[in-house]
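Data first, discussion second: the structure below is written as structure tokens.
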Amino acid sequence: MLTAEQQRAAAQSLRAAEDARAPIAALTETYADIDVVDAYEIQLVNIRRRLEEGSLIRGHKVGLSAKAMQQMLGVHEPDYGHLLDHMFVDEGAAIEAGRFCQPRAEIEVAFVLGRPLQGPGVTMADVVRATDYVLPSIEIVDSRLADWKIKIQDTIADNASSAALVLGGRPTRLHDIDPALIGANLRKNGEIVETGCSGAVLGNPAIAVAWLANKVAQFGVALEPGHVIMPGSCTRMVPVAAGDHIRADFDVLGAVAVSFT
Amino acid sequence: MSAAITACADLVESAVAHRTAMGRLTEQHALTLDDGYAVQDEVARRRLARGERVVGAKLGLTSPAKQQQMQVAEPVYGRLFSGGLHPANEPVRVDTLIHPRVEPEIVLIIGQRLAGPGVSAADVLAATDWVCCGLEVIDSRYADFSFTAADVVADNTSEAKVVVGPAMHRPDGLDLSLIGLLLEVDGVQVATATGAATMGHPAEATAMLANFLGARGEAIEPGWMVFTGGLTAAVPLAAGHHVTATFGHLGSVTVRGV
């Protein structure tokens with residue numbers, strides 16, 4: 001457990017790393033005693049600062065929702081981060097790779113809520129009822145910690161390694177699909193480099209949304225209508241750099257693409 | 001036929017009959033890939049003479065990663081025999097095999113003869129009566145599944161048993177490269193993929209097979225099932241455990257080991 005002063009200092013150094021695109025040493029190296037509660041508080045310090053600067057919360061992301069990622073970090077639970085308005089990139093747009101420290105791409109089934117979800121006790125049935133539609137999406141994750149050498153406390157403090165997201169514009173209602181069985185192919189510069197399935201996320205991405213609603217309820221927060229929930233990636237993440245074109249093709253949902261300059 | 005081909009066919013048949021893994025044939029004989037196919041052809045000739053029937057074909061080494069690892073530029077082909085057909089709800093007795101593993105695959109049931117050259121993925125889909133999900137139980141006759149491309153071809157690409165899922169679907173309107181797959185062992189997810197994991201599309205893999213067979217004066221025959229290539233790494237099948245593959249659109253199929 002850190003002191004409030006240490007939490008503020010850690011938040012400050014993460015924000016400075018993001019602004020300068022200059023990763024810093026893992027917080028778990030600098031602060032040996034940092035725990036998960038500290039990490040969420042550090043995340044919230046920086047989110048509150050963003051809100052004071054005029055940013056808007058437009059949703060949340062669930063991280064560490066794939067079994068492979070949980071095993072890699074030795075954890076048994078996902079984590080979450082905030083999605084702010086400046087993170088949304090237009091479909092088909094070109095973004096500067098220089099905006100990020102060490103970006104990687106993930107492909108996800110994005111949930112858009114039509115009704116609020118207030119935990120505790122949110123179930124799969126509540127998620128299905130509350131979801132207006134799903135969209136094909138690409139998430140650009142980034143770590144402000146050097147070489148992505150992260151433990152769970154590091155990524156939580158770093159807003160769950162959020163950076164940007166791209167939403168495809170074609171909505172699909174959950175009534176028409178099995179959200180666990182959406183095949184997804186990730187193309188980098190035209191080549192299929194990863195294949196996967198939406199059920200890679202906790203068996204079903206709707207379970208990740210329910211987990212999120214119940215988790216944020218511990219902080220007195222509800223998921224709001226219109227919010228976008230990124231439940232986690234169908235495939236492994238892929239490093240991206242200037243000149244790369246990333247395209248995600250989803251069964252039934254369609255495709256979404258983004259370029260890096 | 002050279003004495004070496006006959007000797008290798010004897011070794012493969014003996015390993016199957018005694019359920020005993022052997023060393024690589026290529027350590028004893030300088031086999032080319034063509035020699036590997038000659039060994040496979042000879043073992044097939046003997047099995048047909050004993051009353052088995054060819055019911056289809058299978059593709060191996062269909063992912064770029066496996067091709068690179070085995071230093072081959074294209075997938076390898078094996079035959080599916082009547083003796084390997086396994087009913088969907090019967091357990092597999094693992095002691096009848098050496099070290100079985102399971103691979104999830106998309107299966108095409110072909111209605112019209114396909115022989116290269118010039119067979120395209122579109123030709124394959126037009127000739128496909130049904131698409132099913134399947135699990136292939138593979139069993140290498142080589143110790144530790146350690147082999148070269150020529151070895152695995154001589155061993156009929158590790159062919160052992162095939163299980164076809166219970167639901168049949170027309171290929172119309174399905175994009176087989178986007179069929180999602182969840183693979184579970186004892187109910188725990190171990191891998192996910194899509195149909196694109198085999199040569200980018202199962203029909204592309206099958207077209208390659210038809211062109212390969214055409215060059216040998218053979219064809220994919222009407223009624224054959226084509227196991228189009230494993231979509232994930234193979235998982236071991238042990239007694240008391242079960243493997244389930246659940247596919248988008250195509251349903252699910254389970255193999256249980258006893």
Side-chain angles (χ1 to χ4, degrees), chain A residues 65-71 76 78 106-109 134 136 168 170 172 174 176-208 231-238 247-256, chain B residues 62-68 103-106 121 131 133 165 167 169 171-205 228-233 235 243-253:
Chain A
S65 46
K67 184 146 279 169
M69 280 299 289
Q70 290 186 9
Q71 277 169 352
H76 304 287
E106 299 185 331
I107 61 179
E108 311 193 15
V109 175
V134 295
R170 176 174 177 264
T172 302
L174 284 182
D176 304 326
I177 55 170
D178 182 341
L181 288 172
I182 302 165
N185 293 334
L186 197 173
R187 281 182 194 268
K188 181 176 175 178
N189 303 324
E191 183 189 355
I192 297 175
V193 292
E194 292 288 340
T195 77
C197 189
S198 53
V201 174
L202 298 179
N204 187 325
I207 295 173
S233 186
C234 302
T235 67
R236 289 183 296 190
M237 51 189 183
V238 171
R247 178 184 165 98
D249 286 283
F250 294 86
D251 193 20
V252 185
L253 305 191
V256 58
Chain B
T62 51
S63 75
K66 271 201 174 166
Q67 286 179 16
Q68 244 168 24
E103 289 181 344
E105 306 196 22
I106 291 173
V131 182
C133 63
H169 297 268
D172 316 39
L174 292 178
D175 182 343
L176 300 183
S177 71
L178 286 171
I179 299 272
L181 159 74
L182 301 176
L183 186 68
E184 294 176 342
V185 176
D186 296 337
V188 177
Q189 187 183 107
V190 294
T192 83
T194 66
T198 178
M199 304 301 296
H201 193 298
E204 292 287 359
T228 56
L231 302 180
T232 68
V235 295
V243 178
T244 299
T246 307
F247 291 78
H249 306 283
L250 302 181
S252 70
V253 55

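Labels below follow one simple rule: chain letters A, B, ... track the order of the sequence lines, proteins then strands, and each chain is numbered from 1. Computed from a predicted model, the values in this text were never measured in an experiment. Scope of the values below: all heavy atoms of this structure, side chains included, with no hydrogens, waters or symmetry mates.
- Heavy-atom minimum distance, B:Leu182 versus A:Gly203: CD1-O, 4.5 Å.
- Here the shortest heavy-atom pairing between B:Gln189 and A:Lys67 reads O-CD, 4.2 Å.
- To the nearest 0.5 Å, the span separating CD1 on A:Ile182 from OG1 on B:Thr194 amounts to 13.0 Å.
- Between the CD1 atom of B:Ile179 and the SG atom of A:Cys197 there is a distance of 10.0 Å, given to the nearest 0.5 Å.
- The candidate with the highest count of non-hydrogen atom pairs below 4.5 Å against chain B, out of A:Gly196, A:Cys234, A:Ala180, is A:Gly196.
- For chain A, no part of B:Thr232 is nearby; none of its heavy atoms comes within less than 4.5 Å.
- The two atoms that bring A:Asn185 and B:Ala196 nearest to each other are ND2-CB, 3.3 Å, heavy atoms only.
- Taking A:Gly199, A:Ala66, A:Ser198 one by one and counting their heavy-atom pairs under 4.5 Å with chain B, the maximum is reached by A:Gly199.
- With a 4.5 Å cut-off on non-hydrogen atoms, A:Asp178 does not touch chain B at all.
- Residue B:Val188 touches chain A through its side chain alone, counting heavy-atom pairs closer than 4.5 Å.
- If you measure heavy-atom distances from A:Ala184 to chain B, the contacts under 4.5 Å come from the backbone alone.
- Highest contact tally toward chain A, considering only B:Gly200, B:Gly195, B:Ser177, is held by B:Ser177 [criterion: heavy-atom pairs under 4.5 Å].
- B:Thr192 and A:Ala200 make their closest contact through CG2-CB, 3.6 Å (heavy atoms, listed as atom of the first residue, atom of the second, distance).
- Contact tally against chain A (heavy-atom pairs below 4.5 Å) for B:Gly248, B:Ala191, B:Ala193: the top residue is B:Ala193.
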